[in-house]
There are 2 protein chains.
Amino acid sequence: MSTPKASGEARRRRLPRGALTPERIVTASLALLDEQGLAAFTMPRLGRTLGADQTAVYRHFASKDDLVLAVADRLLTEAFEDFEPAVDDWRGTLVDVCQRVRTTYVSHPAAAVLSGPRITTGSSEMKAADAVVGALRAAGIPDPEVALYYRVIADFALLWSGGLAGFRILDESIQEAERTTWATAYATAPDQFGNLHSISGDLDRIESEQVFDTALELLLDSIAARAARARTGRGTA
Amino acid sequence: MSTPKASGEARRRRLPRGALTPERIVTASLALLDEQGLAAFTMPRLGRTLGADQTAVYRHFASKDDLVLAVADRLLTEAFEDFEPAVDDWRGTLVDVCQRVRTTYVSHPAAAVLSGPRITTGSSEMKAADAVVGALRAAGIPDPEVALYYRVIADFALLWSGGLAGFRILDESIQEAERTTWATAYATAPDQFGNLHSISGDLDRIESEQVFDTALELLLDSIAARAARARTGRGTA
DNA sequence: ACCTGAACACCGTTCAAGT
DNA sequence: ACCTGAACACCGTTCAAGT
């Protein structure tokens, strides 16, 4: 493929002037990750996707790590496109913010796994962050605690969604193998793990997304309860 | 180093019979990850650490991925060494389980980040899993919901701890850079992000570990509340 | 100013050969 | 039965050269 031949594969033309831009490179990276998975995200393949040389990307990003950071940013931008906080509905706003992250991460699992450890609170999308703080205040959380609960919501959305994405990325076969490991493990010692054994039927039917939703509801219920306590003047602790 | 010289570095001796075992290899991997970080965890360096050839590990693990799985398992084994559920204290038991995962992951951050996406509920340590289910029952959660809450606790412990580890792994410099990005971002548009701006002072002082603890308390508060509702026969909704 | 392509150091893995 | 070492295909990155 590197030696030009007289017939067959035409030698790739040189790319025109500003053919490559950071945006185009990030878009191509995301598409590559979505369609081919984590292992396919290499500079040679990215170059091929772009119709460019393997090293052309280095004219726009200092390193692959830098590119990953930009992909992570794109993910959050996509998550909060068109976002507007719900009016007079603090709980709806918080649910919306968390669901947006979850949906975006799960639909770009490979990119999400890459981004996961690289994103902390606030790489992007200040608007959503500001809305979370506003919602907590609207709920009636006293100011000193707002920052703490803000972090709870932000970390929940990002860390838990990243975890879901990680699970998604495993081959179906591996996921299946893990479930089997489980099943056989307590089948061999059913009386030693009686508690587990008796709920094993229920356990199989639970989807990871449902667990995410449940955890979020539990967190919001507690936040609502604390706000109510604060409003009736019963303090915190 | 591959060409034997007459003086200087003595040529490494051939390893004796059963010098390499899966256990020893996992221990060396964990040490390498702890001391040198994620990037240093390569087969050549692992081989050197073991005093063996670069490819010797393949006699005990089918692939590097297989080795990673074993390291992940070791992490959970370490986390639940000496674990016993607290008697008559369901909440204490759940806190203990979650803290053990957190402590182990944060003290082996590189290994935890590797393991993170590879571990789902129950790769190891059935005893802790069984104790979680037992604690939820002791709390008074009705059986159909126990499985769901079990997953909430298990996923919380593993996913959130994995996230903390990911954060730990970033160079201090990068962490600092991210905080600065933050600060400058809302400094440029303070009135557009008024909510955020007004809590920025509090935000800086919050540790990720504290956020973990707070989230756990919120989850447990809600679980306790649901159990209380179930006991007084008000159902679940 | 931006893209190319040869080159370098490195990695995971295979396999025939040693002991 | 287990360890070695040459070898292969591949990767991230650099740099002089092209246009």
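Lettering follows sequence order; numbering is per chain, from 1. Source: prediction; values computed, not measured. Atoms considered below: every heavy atom in the structure, side chains included; atoms not considered: hydrogens, waters and symmetry mates.
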task: Any pair with a residue in residues 26-36 of chain B that passes side-chain hydrogen bond (donor to acceptor under 3.5 Å, both in side chains), sequence neighbours left out, goes on the list, sorted by first then second residue, please.
output: B:T27-B:R74, B:D34-B:H108
field: Listed partners of B:S63 passing side-chain hydrogen bond (donor to acceptor under 3.5 Å, both in side chains), at least two apart
entry: none
task: For residues 34-80 of chain B, pull every pair meeting ring pair (Phe, Tyr, Trp, His ring centres under 6.0 Å), keeping only residues two or more places apart or in separate chains.
output: B:F80-B:F83
- prompt: According to the Watson-Crick and G-U wobble definition with distances under 3.5 Å, which dot-bracket string, read 5' to 3', encodes DNA chain C, using [ ] for crossing pairs and | for pairs with another strand?
  reply: ||.|||||...|||||.||
- prompt: Once each nucleotide of nucleotides 11-19 of chain D is scored for protein heavy atoms under 4.0 Å, what B/S/- sequence comes out, 5' to 3'?
  reply: SSBBB--B-
query: Got a sec, which pairs hit salt bridge (charged side-chain N to carboxylate O under 4.0 Å, His left out) with one end in residues 101-113 of chain B, sequence neighbours left out?
result: B:R102-B:D213
message: Can a side-chain donor-acceptor contact be found between A:S208 and B:R151 if the only test is distance below 3.5 angstrom?
response: yes
message: Going by the rule side-chain hydrogen bond (donor to acceptor under 3.5 Å, both in side chains), which residues pair with B:E207 if we only count those two or more places apart in sequence or in a different chain?
response: none
message: The criterion is side-chain hydrogen bond (donor to acceptor under 3.5 Å, both in side chains); which residues satisfy it with A:N195, sequence neighbours excluded?
response: B:D130, B:R137
- prompt: Considering residues at least two apart in sequence or located in another chain, which fulfil the side-chain hydrogen bond (donor to acceptor under 3.5 Å, both in side chains) criterion with A:Y149?
  reply: A:E145, A:R226
- request: Grab the CD1-C1' distance between A:I25 and C:dC3 for me, whole Å please.
  value: 11 Å
